[in-house]
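First the structure, in the form of C-alpha coordinates, and then the observations on it.
Since the structure is predicted, the reported quantities are computational estimates derived from the model, not experimental observations. Basis for what follows: all heavy atoms, side chains included, without hydrogens, waters or symmetry-related copies.
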Amino acid sequence: MKQLHFRYEMQLQLSGDVREHHFLMRCKPMENENQHCGSLSFRVTPSDTIDEVEDGFGNRGYAVTIREPHRQVQMSAEGLVRVRMGEIREDCHPMYRFPSLHTMPEDNIRAFLSDAQRYYGSEFRDMAGYRALMGYLYSRFTYEPGITTTKTTAAAALAGGHGVCQDYAHILISLMRLQGVPARYTAGMMIGEGASHAWVEVWHNGAWIGLDPTNNQMVDDTYIKLTHGRDFEDGTLDRGCFLGFASQNEIIHVKVEERS
(Lines give C-alpha, C1' and ligand atoms only; values in the text may rest on other atoms or scores of the structure.)
Protein backbone atom coordinates (compact mmCIF):
# COMPACT_ATOMS: atom_id res chain seq x y z
CA MET A 1 0.00 0.00 0.00
CA LYS A 2 1.37 3.41 -1.02
CA GLN A 3 1.07 6.58 0.98
CA LEU A 4 0.34 9.57 -1.26
CA HIS A 5 0.44 13.20 -0.20
CA PHE A 6 -1.68 15.58 -2.23
CA ARG A 7 -2.26 19.31 -2.42
CA TYR A 8 -5.19 20.67 -4.45
CA GLU A 9 -5.24 24.43 -4.99
CA MET A 10 -7.89 26.53 -6.69
CA GLN A 11 -7.77 30.27 -7.37
CA LEU A 12 -10.84 32.03 -8.74
CA GLN A 13 -10.41 35.51 -10.19
CA LEU A 14 -13.56 37.58 -10.86
CA SER A 15 -13.74 40.63 -13.11
CA GLY A 16 -16.03 42.50 -10.71
CA ASP A 17 -17.57 42.33 -7.26
CA VAL A 18 -19.91 39.41 -6.60
CA ARG A 19 -21.81 38.40 -3.46
CA GLU A 20 -23.90 35.55 -2.09
CA HIS A 21 -21.38 33.19 -3.59
CA HIS A 22 -22.25 29.53 -3.01
CA PHE A 23 -20.00 26.77 -4.30
CA LEU A 24 -19.17 23.13 -3.78
CA MET A 25 -15.67 21.64 -3.67
CA ARG A 26 -15.55 17.85 -3.87
CA CYS A 27 -11.99 17.38 -2.71
CA LYS A 28 -12.32 14.72 0.01
CA PRO A 29 -10.86 11.41 -1.21
CA MET A 30 -13.43 8.63 -1.40
CA GLU A 31 -13.26 5.86 1.17
CA ASN A 32 -13.24 2.28 -0.08
CA GLU A 33 -11.38 -0.97 0.46
CA ASN A 34 -8.39 0.27 -1.54
CA GLN A 35 -8.23 3.90 -0.42
CA HIS A 36 -8.25 5.61 2.97
CA CYS A 37 -7.64 9.28 3.79
CA GLY A 38 -5.63 9.54 7.00
CA SER A 39 -5.55 13.34 7.29
CA LEU A 40 -7.09 16.27 5.46
CA SER A 41 -7.02 20.05 5.83
CA PHE A 42 -9.28 22.43 3.88
CA ARG A 43 -9.02 26.22 3.72
CA VAL A 44 -10.98 28.88 1.82
CA THR A 45 -10.39 32.65 1.82
CA PRO A 46 -12.72 34.48 2.16
CA SER A 47 -15.58 32.38 3.58
CA ASP A 48 -18.56 32.79 5.90
CA THR A 49 -19.68 29.18 6.28
CA ILE A 50 -18.07 25.84 5.39
CA ASP A 51 -20.11 22.63 5.73
CA GLU A 52 -19.10 19.05 4.99
CA VAL A 53 -21.47 17.40 2.49
CA GLU A 54 -21.96 14.07 0.73
CA ASP A 55 -24.16 13.46 -2.32
CA GLY A 56 -26.13 10.43 -3.44
CA PHE A 57 -23.15 9.00 -5.31
CA GLY A 58 -20.99 9.06 -2.19
CA ASN A 59 -18.92 12.03 -3.40
CA ARG A 60 -17.73 14.08 -0.44
CA GLY A 61 -16.62 17.65 -0.08
CA TYR A 62 -17.41 21.10 1.27
CA ALA A 63 -20.23 23.56 0.64
CA VAL A 64 -18.91 27.12 1.01
CA THR A 65 -20.80 30.42 1.28
CA ILE A 66 -19.30 33.90 0.88
CA ARG A 67 -21.90 36.60 1.44
CA GLU A 68 -19.85 39.83 1.30
CA PRO A 69 -18.67 41.38 -2.01
CA HIS A 70 -15.38 39.92 -3.27
CA ARG A 71 -13.33 39.51 -6.44
CA GLN A 72 -11.12 36.56 -5.54
CA VAL A 73 -11.38 33.17 -3.87
CA GLN A 74 -8.46 30.99 -2.82
CA MET A 75 -8.94 27.37 -1.79
CA SER A 76 -6.53 24.64 -0.76
CA ALA A 77 -6.99 21.04 0.30
CA GLU A 78 -4.10 18.93 1.52
CA GLY A 79 -3.99 15.42 2.82
CA LEU A 80 -2.39 12.01 3.13
CA VAL A 81 -4.04 9.01 1.48
CA ARG A 82 -3.18 5.32 1.69
CA VAL A 83 -3.82 3.61 -1.65
CA ARG A 84 -3.37 0.06 -2.87
CA MET A 85 -3.94 -1.56 -6.25
CA GLY A 86 -6.99 -3.71 -6.75
CA GLU A 87 -10.65 -3.97 -7.62
CA ILE A 88 -13.34 -2.01 -5.78
CA ARG A 89 -16.02 -4.46 -4.67
CA GLU A 90 -19.14 -2.32 -4.58
CA ASP A 91 -22.64 -2.81 -5.93
CA CYS A 92 -23.41 -1.71 -9.48
CA HIS A 93 -26.42 0.57 -9.80
CA PRO A 94 -28.43 -0.08 -13.00
CA MET A 95 -28.00 3.56 -14.09
CA TYR A 96 -24.40 2.83 -15.10
CA ARG A 97 -25.67 0.57 -17.88
CA PHE A 98 -27.53 3.32 -19.73
CA PRO A 99 -26.52 6.44 -21.72
CA SER A 100 -26.32 9.75 -19.88
CA LEU A 101 -26.25 13.38 -20.96
CA HIS A 102 -22.62 13.37 -22.15
CA THR A 103 -22.40 9.74 -23.29
CA MET A 104 -25.26 9.25 -25.76
CA PRO A 105 -24.08 6.75 -28.42
CA GLU A 106 -24.70 8.64 -31.65
CA ASP A 107 -23.95 7.20 -35.08
CA ASN A 108 -20.23 8.00 -35.00
CA ILE A 109 -19.83 6.22 -31.64
CA ARG A 110 -21.55 3.13 -33.07
CA ALA A 111 -19.38 3.26 -36.19
CA PHE A 112 -16.22 3.60 -34.07
CA LEU A 113 -17.16 0.49 -32.07
CA SER A 114 -17.85 -1.45 -35.27
CA ASP A 115 -14.47 -0.40 -36.69
CA ALA A 116 -12.73 -1.51 -33.50
CA GLN A 117 -14.48 -4.89 -33.57
CA ARG A 118 -13.46 -5.42 -37.19
CA TYR A 119 -9.88 -4.38 -36.40
CA TYR A 120 -9.57 -6.91 -33.56
CA GLY A 121 -11.87 -9.48 -35.14
CA SER A 122 -14.00 -9.87 -32.04
CA GLU A 123 -16.28 -8.16 -29.57
CA PHE A 124 -14.94 -6.80 -26.28
CA ARG A 125 -16.32 -9.04 -23.54
CA ASP A 126 -13.54 -9.37 -20.96
CA MET A 127 -10.85 -7.26 -19.36
CA ALA A 128 -8.36 -8.00 -22.14
CA GLY A 129 -10.98 -6.80 -24.61
CA TYR A 130 -11.71 -3.66 -22.63
CA ARG A 131 -8.02 -2.82 -22.60
CA ALA A 132 -7.83 -3.43 -26.35
CA LEU A 133 -10.77 -1.07 -26.93
CA MET A 134 -9.09 1.52 -24.73
CA GLY A 135 -5.91 1.18 -26.79
CA TYR A 136 -7.87 1.56 -30.02
CA LEU A 137 -9.35 4.84 -28.72
CA TYR A 138 -5.92 6.01 -27.54
CA SER A 139 -4.46 5.46 -31.02
CA ARG A 140 -7.23 7.38 -32.79
CA PHE A 141 -7.94 10.31 -30.49
CA THR A 142 -5.46 13.11 -29.72
CA TYR A 143 -4.95 14.88 -26.42
CA GLU A 144 -5.26 18.63 -27.00
CA PRO A 145 -6.50 21.18 -24.44
CA GLY A 146 -8.67 24.09 -25.45
CA ILE A 147 -10.61 22.28 -28.17
CA THR A 148 -13.53 21.01 -26.08
CA THR A 149 -15.45 22.32 -23.06
CA THR A 150 -17.19 20.76 -20.07
CA LYS A 151 -20.37 20.67 -22.17
CA THR A 152 -18.85 18.65 -25.04
CA THR A 153 -20.45 15.24 -25.50
CA ALA A 154 -18.65 12.01 -26.29
CA ALA A 155 -19.96 12.03 -29.86
CA ALA A 156 -18.95 15.66 -30.47
CA ALA A 157 -15.46 15.09 -29.05
CA LEU A 158 -14.95 11.95 -31.14
CA ALA A 159 -16.09 13.80 -34.26
CA GLY A 160 -13.45 16.47 -33.64
CA GLY A 161 -10.74 13.91 -32.89
CA HIS A 162 -9.16 16.02 -30.12
CA GLY A 163 -9.86 16.62 -26.44
CA VAL A 164 -8.77 16.14 -22.85
CA CYS A 165 -9.15 13.45 -20.18
CA GLN A 166 -12.84 14.21 -19.68
CA ASP A 167 -13.48 13.52 -23.38
CA TYR A 168 -11.48 10.28 -23.41
CA ALA A 169 -13.52 9.13 -20.42
CA HIS A 170 -16.88 10.05 -21.95
CA ILE A 171 -16.08 8.29 -25.22
CA LEU A 172 -14.90 5.08 -23.52
CA ILE A 173 -17.94 5.08 -21.22
CA SER A 174 -20.23 5.48 -24.23
CA LEU A 175 -18.49 2.58 -26.01
CA MET A 176 -18.71 0.35 -22.95
CA ARG A 177 -22.39 1.00 -22.27
CA LEU A 178 -23.17 0.47 -25.95
CA GLN A 179 -21.94 -3.12 -25.44
CA GLY A 180 -23.98 -3.53 -22.26
CA VAL A 181 -20.98 -3.10 -19.95
CA PRO A 182 -21.67 -0.88 -16.90
CA ALA A 183 -19.20 2.01 -16.73
CA ARG A 184 -18.87 5.16 -14.64
CA TYR A 185 -17.00 8.45 -14.83
CA THR A 186 -14.32 8.94 -12.19
CA ALA A 187 -12.42 12.09 -11.26
CA GLY A 188 -9.46 12.67 -9.01
CA MET A 189 -5.71 13.06 -9.09
CA MET A 190 -2.69 11.05 -10.14
CA ILE A 191 0.93 11.18 -9.07
CA GLY A 192 2.83 14.15 -10.46
CA GLU A 193 2.08 17.84 -10.81
CA GLY A 194 -0.48 19.61 -12.96
CA ALA A 195 -4.28 19.45 -12.95
CA SER A 196 -7.03 17.12 -11.82
CA HIS A 197 -7.71 14.02 -13.91
CA ALA A 198 -10.60 11.87 -15.13
CA TRP A 199 -10.77 8.17 -15.97
CA VAL A 200 -13.26 5.29 -16.23
CA GLU A 201 -14.33 2.42 -14.01
CA VAL A 202 -15.93 -0.65 -15.61
CA TRP A 203 -17.96 -3.34 -13.84
CA HIS A 204 -16.35 -6.75 -14.29
CA ASN A 205 -16.89 -9.96 -12.31
CA GLY A 206 -18.57 -8.18 -9.40
CA ALA A 207 -16.08 -5.32 -9.01
CA TRP A 208 -15.17 -1.93 -10.42
CA ILE A 209 -11.84 -1.77 -12.27
CA GLY A 210 -10.18 1.48 -13.33
CA LEU A 211 -9.08 2.24 -16.89
CA ASP A 212 -7.29 5.46 -17.83
CA PRO A 213 -7.87 5.98 -21.59
CA THR A 214 -5.96 9.28 -21.64
CA ASN A 215 -2.76 7.41 -20.75
CA ASN A 216 -3.82 3.99 -22.09
CA GLN A 217 -3.19 2.20 -18.81
CA MET A 218 -4.87 0.51 -15.89
CA VAL A 219 -5.50 2.64 -12.81
CA ASP A 220 -3.09 1.69 -10.04
CA ASP A 221 -1.91 2.91 -6.63
CA THR A 222 -0.66 6.22 -8.03
CA TYR A 223 -4.23 7.53 -8.42
CA ILE A 224 -6.41 9.21 -5.78
CA LYS A 225 -10.14 8.92 -6.41
CA LEU A 226 -12.35 11.87 -5.46
CA THR A 227 -15.69 11.35 -7.24
CA HIS A 228 -17.69 9.10 -9.51
CA GLY A 229 -20.99 9.28 -11.39
CA ARG A 230 -22.69 8.74 -14.73
CA ASP A 231 -20.55 11.42 -16.44
CA PHE A 232 -18.90 14.79 -15.79
CA GLU A 233 -22.11 16.38 -14.52
CA ASP A 234 -22.22 13.93 -11.59
CA GLY A 235 -18.49 13.81 -10.95
CA THR A 236 -17.38 17.41 -11.38
CA LEU A 237 -15.04 18.53 -8.61
CA ASP A 238 -16.34 22.10 -8.25
CA ARG A 239 -19.40 24.13 -9.16
CA GLY A 240 -21.14 27.21 -7.85
CA CYS A 241 -23.22 30.35 -8.39
CA PHE A 242 -23.13 34.00 -7.27
CA LEU A 243 -25.00 37.29 -7.52
CA GLY A 244 -23.33 39.91 -9.70
CA PHE A 245 -22.15 40.60 -13.22
CA ALA A 246 -18.63 39.25 -13.62
CA SER A 247 -16.60 36.87 -15.73
CA GLN A 248 -14.39 34.39 -13.94
CA ASN A 249 -11.02 32.74 -14.45
CA GLU A 250 -10.27 29.55 -12.56
CA ILE A 251 -6.73 28.28 -12.02
CA ILE A 252 -6.24 24.79 -10.54
CA HIS A 253 -2.96 23.27 -9.49
CA VAL A 254 -2.57 19.72 -8.19
CA LYS A 255 0.49 17.98 -6.79
CA VAL A 256 0.64 14.33 -5.71
CA GLU A 257 3.78 12.65 -4.42
CA GLU A 258 4.63 9.43 -2.64
CA ARG A 259 5.60 9.58 1.02
CA SER A 260 7.41 6.91 2.98
Side-chain angles (χ1 to χ4, degrees), residues 1-11 24-45 50 52 54 57-62 74-90 127-128 130-131 134-135 137-138 143-145 163-169 172-173 183-204 207-229 232 235-238 250-260:
M1 179 172 278
K2 286 186 178 178
Q3 191 163 234
L4 302 178
H5 176 268
F6 77 90
R7 184 171 179 83
Y8 185 107
E9 297 177 329
M10 184 271 287
Q11 184 178 88
L24 175 65
M25 295 297 308
R26 292 190 179 108
C27 55
K28 294 188 71 173
M30 297 190 83
E31 294 285 334
N32 56 52
E33 59 186 315
N34 296 328
Q35 180 175 286
H36 173 68
C37 186
S39 64
L40 179 69
S41 65
F42 179 77
R43 296 180 179 85
V44 179
T45 305
I50 302 176
E52 293 191 28
E54 182 174 335
F57 295 94
N59 304 323
R60 306 186 304 156
Y62 300 90
Q74 290 184 307
M75 183 284 297
S76 68
E78 187 170 7
L80 206 58
V81 185
R82 292 194 297 275
V83 183
R84 68 179 179 185
M85 294 179 63
E87 307 167 339
I88 302 174
R89 296 206 166 269
E90 296 175 351
M127 189 51 59
Y130 305 156
R131 293 190 67 174
M134 176 175 66
L137 171 60
Y138 180 79
Y143 185 90
E144 186 174 348
V164 293
C165 59
Q166 170 187 305
D167 303 302
Y168 281 88
L172 186 58
I173 289 169
R184 64 189 183 188
Y185 182 95
T186 305
M189 304 169 283
M190 63 184 298
I191 200 162
E193 192 166 359
S196 55
H197 192 47
W199 58 92
V200 176
E201 288 178 345
V202 296
W203 179 256
H204 181 68
W208 291 101
I209 300 173
L211 299 171
D212 180 359
T214 307
N215 295 298
N216 193 27
Q217 65 185 28
M218 303 291 290
V219 172
D220 58 21
D221 53 6
T222 62
Y223 291 71
I224 297 175
K225 180 179 177 179
L226 295 177
T227 68
H228 64 226
F232 171 84
T236 181
L237 300 185
D238 64 275
E250 184 182 66
I251 301 172
I252 292 176
H253 183 259
V254 174
K255 184 176 183 179
V256 179
E257 57 187 348
E258 187 174 358
R259 293 282 177 88
S260 57

Item to check | E31 versus C37, closest heavy-atom pair with distance | outcome: OE2-N, 2.9 Å
Checklist outcome for this item: When rounded to the nearest 0.5 Å, the distance separating CD1 of I88 from CH2 of W203 is 10.5 Å
Next on the checklist: Ignoring hydrogens, what is the shortest heavy-atom contact between L211 and V219? Give both atom names and the distance.
Outcome noted: N-CG2, 3.8 Å
Checklist entry - Are side-chain heavy atoms of Q35 and K225 found at a separation under 4.5 Å? => result yes
Checklist entry - Less than 4.0 Å between a side-chain N and a carboxylate O, is that true for E54 and K28? => result no
Checklist entry - Within a strict 4.5 Å, meaning less than it, do heavy atoms of the R26 and L226 side chains meet? => result no
Checklist outcome for this item: Sorted by chain and number, sequence neighbours left out, ring pair (Phe, Tyr, Trp, His ring centres under 6.0 Å) with F6 holds for none
Checklist entry - Given side chains that start at C-beta, do those of S196 and Y8 come closer than 4.5 Å, heavy atoms only? => result yes
Item to check | Residues that E144 engages under side-chain hydrogen bond (donor to acceptor under 3.5 Å, both in side chains), provided they are two or more places apart | outcome: none
Item to check | For E250, side-chain hydrogen bond (donor to acceptor under 3.5 Å, both in side chains) partners two or more places apart | outcome: none
Item to check | Pairing residues for Q217 by the side chain to side chain contact (heavy atoms under 4.5 Å, CB included) criterion, not counting sequence neighbours | outcome: M190, D212, N215, Y223
Checklist entry - Quick one: CG on D238 to CE on M25, what's the gap to the nearest 0.5 Å? => result 4.5 Å
Item to check | Close side-chain approach of V256 and I224, heavy atoms under 4.5 Å | outcome: yes
Checklist outcome for this item: Shortest non-hydrogen pair, V164 vs P145, comes out as CG1-CA, 3.6 Å
Item to check | Listed partners of E258 passing salt bridge (charged side-chain N to carboxylate O under 4.0 Å, His left out), at least two apart | outcome: none
Checklist outcome for this item: Here the gap from M75 atom CE to T45 atom OG1, rounded to the nearest 0.5 Å, amounts to 11.0 Å
Checklist outcome for this item: Applying side chain to side chain contact (heavy atoms under 4.5 Å, CB included) to A207 and not counting sequence neighbours gives E87, R89
Next on the checklist: Quick one, M127 with I209, criterion side chain to side chain contact (heavy atoms under 4.5 Å, CB included). Give me CA distance, side-chain angles, the key distance, then yes/no.
Outcome noted: CA-CA 9 Å; M127 189 51 59; I209 300 173; 3.4 Å; yes
Next on the checklist: I want to check something: taking the side chain as every heavy atom from C-beta on, are E52 and R60 in contact at a cut-off of under 4.5 Å?
Outcome noted: no
Checklist outcome for this item: side-chain contact (heavy atoms from CB on, under 4.5 Å) test vs L172 passes for just one of T214, V200, V202, namely V200
Checklist entry - So do the side chains of W199 and Y168 get within less than 4.5 Å of each other, counting heavy atoms only? => result no
Item to check | Qualifying residues under ring pair (Phe, Tyr, Trp, His ring centres under 6.0 Å), relative to Y138, sequence neighbours excluded | outcome: none
Checklist outcome for this item: The ring pair (Phe, Tyr, Trp, His ring centres under 6.0 Å) partners of F42 (sequence neighbours excluded) come to Y62
Checklist entry - In chain order, what residues pass the side chain to side chain contact (heavy atoms under 4.5 Å, CB included) check against T222, with sequence neighbours excluded? => result K2, I191, D220
Checklist entry - Among all residues two or more places apart in sequence or in another chain, which pass the ring pair (Phe, Tyr, Trp, His ring centres under 6.0 Å) test with Y185? => result H170
Item to check | Partner of I251 by side-chain contact (heavy atoms from CB on, under 4.5 Å), out of M10, Q11, Q74 | outcome: Q11
Mind listing the side-chain donor-acceptor pairs of residues 78-85 below 3.5 Å, one per line with the distance, residues two or more places apart or on another chain?
| from | atom 1 | to | atom 2 | distance (Å) |
| --- | --- | --- | --- | --- |
| E78 | OE1 | R7 | NH1 | 2.7 |
| E78 | OE2 | H5 | NE2 | 2.9 |
| R84 | NE | E33 | O | 3.2 |
| R84 | NE | N34 | OD1 | 3.0 |
| R84 | NH2 | E33 | O | 3.1 |

Checklist entry - Out of curiosity, W208 CH2 to H228 NE2, how far, rounded to the nearest 0.5 Å? => result 8.0 Å
Checklist entry - Backbone N or O of P213 within a donor-acceptor pair of the N216 side chain at under 3.5 Å? => result no
Next on the checklist: How long is the straight-line distance from CG of N59 back to SG of C27, given to the nearest 0.5 Å?
Outcome noted: 12.0 Å
Checklist entry - Pairs in or reaching into residues 184-197: which pass salt bridge (Lys or Arg N to Asp or Glu O under 4.0 Å), with residues at least two apart or in two chains? => result E90-R184, R184-E201
